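Below: the structure, in structure tokens.
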Amino acid sequence: MSTAGQVIRCRAAVAWESGKPLSIEEVEVAPPQKDEVRIKILFTSLCHTDVYFWDAKGQNPLFPRILGHEAGGIVESVGEGVTDLKPGDHVLPIFTGECKECPHCLSEESNMCDLLRINTDRVGMINDGKSRFSINGKPIYHFLGTSTFSEYTVVHVGQVAKINPHAPLDKVCVLSCGMSTGFGATVNVAKPKKGQSVAIFGLGAVGLAAAEGARVSGASRIIGVDLNPSRFEQAKKFGVTEFVNPKDYNKPVQEVIVEMTGGGVDRSVECTGSIQAMISAFECVHDGWGVAVLVGVPNKDDEFKTHPVNLLYEKTLKGTFFGNYKPRSDIPAVVEKYMNKELELDKFITHTVPFSEINKAFELMLAGEGLRCVIRMDA
Ligand code: NAD
Ligand code: ZN
């Protein structure tokens with residue numbers, strides 16, 4: 001029997017307050033409205049951005065909320081005006097959207113859609129500002145327009161990438177955020193030339209995807225920087241050739257890297273969320289041509305401080321969301337790269353847990369263990 005047009009009751013992991021374990025609850029999910037689709041989530045994984053908004057130490061506390069933004073699923077039903085998606089389509093929800101009409105979507109250079117760019121403070125749908133989730137009629141907030149820690153979720157059509165139905169959703173779900181973000185930050189934004197050196201700050205899943213981008217670009221040296229020494233062994237499998245732990249030196253890590261490379265790295269990609277690492281990542285690039293790309297999500301009160309002479313010396317500072325990919329136009333082809341074995345994803349998935357044990361994924365990330373933990377919604 002079709003559930004289209006009906007309220008669906010299903011399980012969701014609700015964050016009731018900051019830093020407290022999520023609790024699995026029965027929620028009501030309203031039907032999709034104009035330009036919205038309702039998706040049955042099959043697999044979701046945990047990204048560090050979810051953890052920042054769950055512990056809410058450096059971010060606005062907005063609760064109760066259904067977190068989650070890295071996922072894969074199948075369209076259950078579509079709202080009015082949705083023509084390019086239909087029930088049964090395999091999709092990845094994406095935390096930043098593409099309306100296909102605004103100046104950003106029409107520009108080749110930007111994925112910062114005017115209508116649907118990432119907005120961490122939005123708690124309802126764009127159409128009416130309201131939530132589609134409730135418990136006994138009381139609204140539960142959305143997160144990033146995706147809220148994938150629920151068996152069903154409602155997403156704006158501009159935040160949905162339709163992908164090859166043969167792609168295994170338990171693997172390609174990580175392309176919905178982390179792997180596309182890191183890989184794209186290197187190949188689309190830092191754009192190292194063959195033979196150049198690249199420093200990667202933060203060797204979690206996003207950083208190692210950035211390292212993968214450096215490897216396929218033919219980088220000669222890939223220098224991994226992390227405070228957690230247990231990251232180094234794992235990173236060797238991702239082509240990282242040298243390791244620097246800032247804790248091992250009594251001078252700023254940018255000075256260490258400048259000395260190691262005789263003047264600085266050609267490119268750096270920051271994937272930590274630490275303001276200190278962002279500054280180091282900029283200051284360690286070579287003058288004249290070095291390019292630094294910031295990817296980590298900063299705390300809301302962070303400020304970037306560097307001497308302007310660093311810019312006068314012709315170092316370039318950039319930043320990116322989602323590796324500059326346009327979610328609807330570009331992601332289907334990134335999924336094809338995985339299908340054609342041009343892009344490896346399996347090695348990023350170090351853990352799998354059933355939905356009922358979603359809090360384990362948080363524990364692993366807080367302990368700095370593993371890369372991506374995939375959460376199976378059917379268990
Ligand atoms: P993760 O926790 O798996 O990895 C982060 C790594 O950074 C850890 O290994 C940690 O030890 C290391 N680290 C922390 N502070 C450091 C410092 N000062 N110096 C060196 N290393 C340090 O997280 P992740 O899921 O890989 O995400 C990485 C970052 O990317 C997060 O800030 C996340 O919010 C952000 N992110 C941004 C986007 C985007 O579109 N811009 C998308 C996804 C994730
Ligand atoms: Zn993410």
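Indexing begins at 1, ligand by ligand and atom by atom, following the structure's order. The model shown is predicted, which means the values in this text are computed figures rather than measured ones.
Look at R231 and you'll find a heavy atom under 4.0 Å from some atom of ligand 1.
With a heavy-atom cut-off of 4.0 Å, R372 touches ligand 1 through its side chain alone.
Less than 4.0 angstrom separates some heavy atom of T181 from each of these atoms of ligand 1: 38 (C), 39 (C), 40 (O), 42 (C).
In terms of polar-atom proximity, defined here as any N/O pair under 3.5 Å, F95 makes no such contact with ligand 1.
In the candidate list T96, T320, N324, D226, D226 is nearest to atom 8 (C) of ligand 1, counting heavy atoms. When the options V225, L227, V51 are ranked by their closest heavy atom to atom 16 (C) of ligand 1, first place goes to L227.
Every residue two or more places apart in sequence or in another chain that forms a salt bridge (Lys or Arg N to Asp or Glu O under 4.0 Å) with E357 is listed here: K360.
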Identify all side-chain donor-acceptor contacts of residues 87-96 below 3.5 Å with residues at least two apart in sequence or on another chain.
from, atom 1, to, atom 2, distance (Å)
D89, OD1, K86, NZ, 3.0
D89, OD2, K86, N, 2.8
T96, OG1, I118, N, 3.0

Show me the side-chain donor-acceptor pairs of residues 281-301 shorter than 3.5 Å, one per line, residues at least two apart or across chains.
from, atom 1, to, atom 2, distance (Å)
E283, OE1, Q254, NE2, 2.9
E283, OE2, T306, OG1, 2.6
W289, NE1, D266, OD1, 2.7

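For atom 30 (O) of ligand 1, the closest non-hydrogen atom on the protein side is G296 CA, 3.8 Å. Nearest to atom 31 (C) of ligand 1 among the protein's heavy atoms is Y52 OH, 3.4 Å.
Protein contacts to the Zn ion (ligand 2) involving N, O or S atoms at a distance below 2.8 Å are C47 SG, H69 NE2, C177 SG.
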